[in-house]
Amino acid sequence: MQIAQELCLKNVNITHPADNEVRVKMLAAPINPSDINMVQGTYALLPQLPAVGGNEGVGVVVEIGRHVSSMRPGDWVVPVDAGLGTWCTEAVFSEDSLVRVPSDIPVAGAATVSVNPCTAYRLLSDFETLRPGDTIIQNASNSGVGQAVIQIATSLGITTINVVRDREDLSSLIQRLRDLGADHVITEEQLRKPEMKDLFKNCPRPRLALNCVGGKSTTEMLRHLDYGGTMVTYGGMSKQPVTVPVSALIFKNVKLCGFWVTQWKKERAQTDREEIVKMIRDLCDLIRRGKLVPPPSTQRPLEDFSRALQDSQTPFLSRKQILIM
């Protein structure tokens, strides 16, 4: 499917916000894999058509309804949940669908904080009790989530083993991930070699494995997981099933879990919204302190969305496409 052919720019009239609504001028919104899947109709969450694309972004409040109490004009806001429709210049949203972020962080950081960094934050927080000196292993390490995992783990004193696919510019990718704080960067081929055991002479075996690929990569990571460790699957880029050796379940007592940040946010929005606010606040604090930087990006005007969509699906490009409104 040619994604750009399924989308078009359209002018619509914006109404004044109702009592519990907020009118927002969007500043920037990225293009994520989940956005592409939603347009393709293959994502687990699909909007009613016609719809505005985009699940993430940052905007500034320009008008509020009379019962709105948590934000005021001039505040920066990001979506609480997916499906809001952020690829637009301006929109009216419910107050509950937004959360404030500080306006003293870079626009690109604010625009990309609510999906990948939130996923990374929860992966490192919710499945194993990790302490400084512990080790984790992950594949798709140069993805948006992978880069956020590296940086958040570094801020917590956690060692990371980062698996990437081999490529022509491998040395430059390894250096970029090390600059973010990666302790070890290895290829999928190196992950399968017997020499991997030498790595664990210098660091403990990982308690946590983060899987965004599936297939053989998953099986190889499981081989190196510590006894009683946990592997969390949050993506399936290879479109291959997760294959688990019986021995890993019986003799290593590993635990297998899945995670979808959209579902996590949906549940917390109903039961403990403050936990979402705290997570966003913690991540913005890391951004402010230079401990969490957004992935390399290309910023394009909304009118150039076709080129941005094309580039977002180009293999090995490794640059986030961000639409500027």
Side-chain angles (χ1 to χ4, degrees), residues 1-10 26 28-47 49-58 79 82-88 108 111-120 138-149 162-170 172-173 176-177 187-188 210-218 233-241 260-262 294-325:
M1 175 190 292
Q2 294 294 321
I3 299 298
Q5 295 179 5
E6 305 298 320
L7 302 173
C8 66
L9 281 179
K10 186 174 182 180
M26 293 302 298
I31 299 175
N32 291 316
S34 58
D35 300 321
I36 302 297
N37 294 153
M38 190 172 284
V39 175
Q40 292 171 327
T42 59
Y43 198 56
L45 175 68
L46 297 176
L49 299 177
V52 178
N55 292 301
E56 186 179 33
V58 62
L84 202 60
T86 55
W87 296 347
C88 60
T112 57
V113 74
S114 59
V115 174
N116 294 330
C118 286
T119 299
Q138 65 167 343
N139 54 26
S141 302
N142 60 313
S143 66
V145 172
Q147 292 181 50
V149 164
N162 302 279
V163 185
V164 297
R165 289 181 294 172
D166 200 359
R167 63 195 66 205
E168 289 184 0
D169 62 341
L170 180 62
S172 119
L173 173 61
R176 180 155 60 84
L177 295 183
T187 64
E188 297 277 2
L210 305 177
N211 170 46
C212 186
V213 177
K216 293 180 180 179
S217 178
T218 306
T233 294
Y234 67 95
M237 293 171 61
S238 72
K239 299 187 179 352
Q240 298 297 314
W260 184 29
V261 73
T262 297
S297 65
T298 299
Q299 300 184 8
R300 299 188 184 278
L302 179 62
E303 294 77 12
D304 201 11
F305 73 91
S306 294
R307 175 66 185 277
L309 285 166
Q310 178 183 335
D311 287 353
S312 71
Q313 299 174 84
T314 302
F316 299 114
L317 187 59
S318 297
R319 294 189 70 84
K320 177 72 69 179
Q321 301 297 305
I322 298 180
L323 300 172
I324 303 298
M325 313 311 176

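Computed from heavy atoms alone, side chains included, the values below leave out hydrogens, waters and symmetry copies.
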Using 0.5 Å steps for rounding, measure from the [atom1] atom of [X] to the [atom2] atom of [Y].
X: Ser34; Y: Glu56; atom1: OG; atom2: CD; value: 8.0 Å
X: Thr314; Y: Asp311; atom1: OG1; atom2: CG; value: 5.0 Å
X: Gln40; Y: Leu46; atom1: CD; atom2: CG; value: 11.0 Å

Is any side-chain heavy atom of [X] less than 4.5 Å from a side-chain heavy atom of [Y]?
X: Asn32; Y: Lys320; value: yes
X: Asn142; Y: Arg167; value: yes
X: Glu188; Y: Asp166; value: no
X: Leu7; Y: Leu309; value: yes
X: Glu303; Y: Leu9; value: yes

Give a yes or no answer on whether the side chain of Arg300 reaches the backbone of Leu323 with a donor-acceptor pair at less than 3.5 Å. no
Which one of [options] satisfies the side chain to side chain contact (heavy atoms under 4.5 Å, CB included) criterion with [X]?
X: Leu84; options: Pro47, Pro79, Ser114; value: Pro79
X: Asn139; options: Val213, Asn162, Leu210; value: Val213
X: Gln147; options: Pro296, Ser141, Pro294; value: Pro296

Taking side-chain contact (heavy atoms from CB on, under 4.5 Å) as the definition, give me every residue that meets it alongside Leu45, ordered by chain and number, with sequence neighbours left out.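 Leu45 satisfies side-chain contact (heavy atoms from CB on, under 4.5 Å) with Met38, Tyr43, Ala82, Trp260, Thr262 once adjacent residues are dropped.
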Apply side-chain contact (heavy atoms from CB on, under 4.5 Å) to Val145 and list each qualifying residue two or more places apart in sequence or on a separate chain.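 Val145 satisfies side-chain contact (heavy atoms from CB on, under 4.5 Å) with Asn116, Thr119, Ala120, Leu123, Ser143, Val149, Tyr234 once adjacent residues are dropped.
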Identify the two heavy atoms, one from [X] and one from [Y], that lie closest to each other, and give their separation to 0.1 Å.
X: Met325; Y: Ala29; answer: CE-CB, 3.7 Å
X: Gln138; Y: Gly146; answer: NE2-O, 3.1 Å
X: Asp35; Y: Pro30; answer: OD2-O, 3.5 Å
X: Ile322; Y: Ala28; answer: CG2-CB, 3.9 Å
X: Val39; Y: Glu6; answer: CG1-CB, 4.1 Å
X: Ala140; Y: Met237; answer: CB-SD, 3.9 Å

Apply salt bridge (Lys or Arg N to Asp or Glu O under 4.0 Å) to Arg176 and list each qualifying residue two or more places apart in sequence or on a separate chain.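 Residues passing salt bridge (Lys or Arg N to Asp or Glu O under 4.0 Å) with Arg176: none at all.
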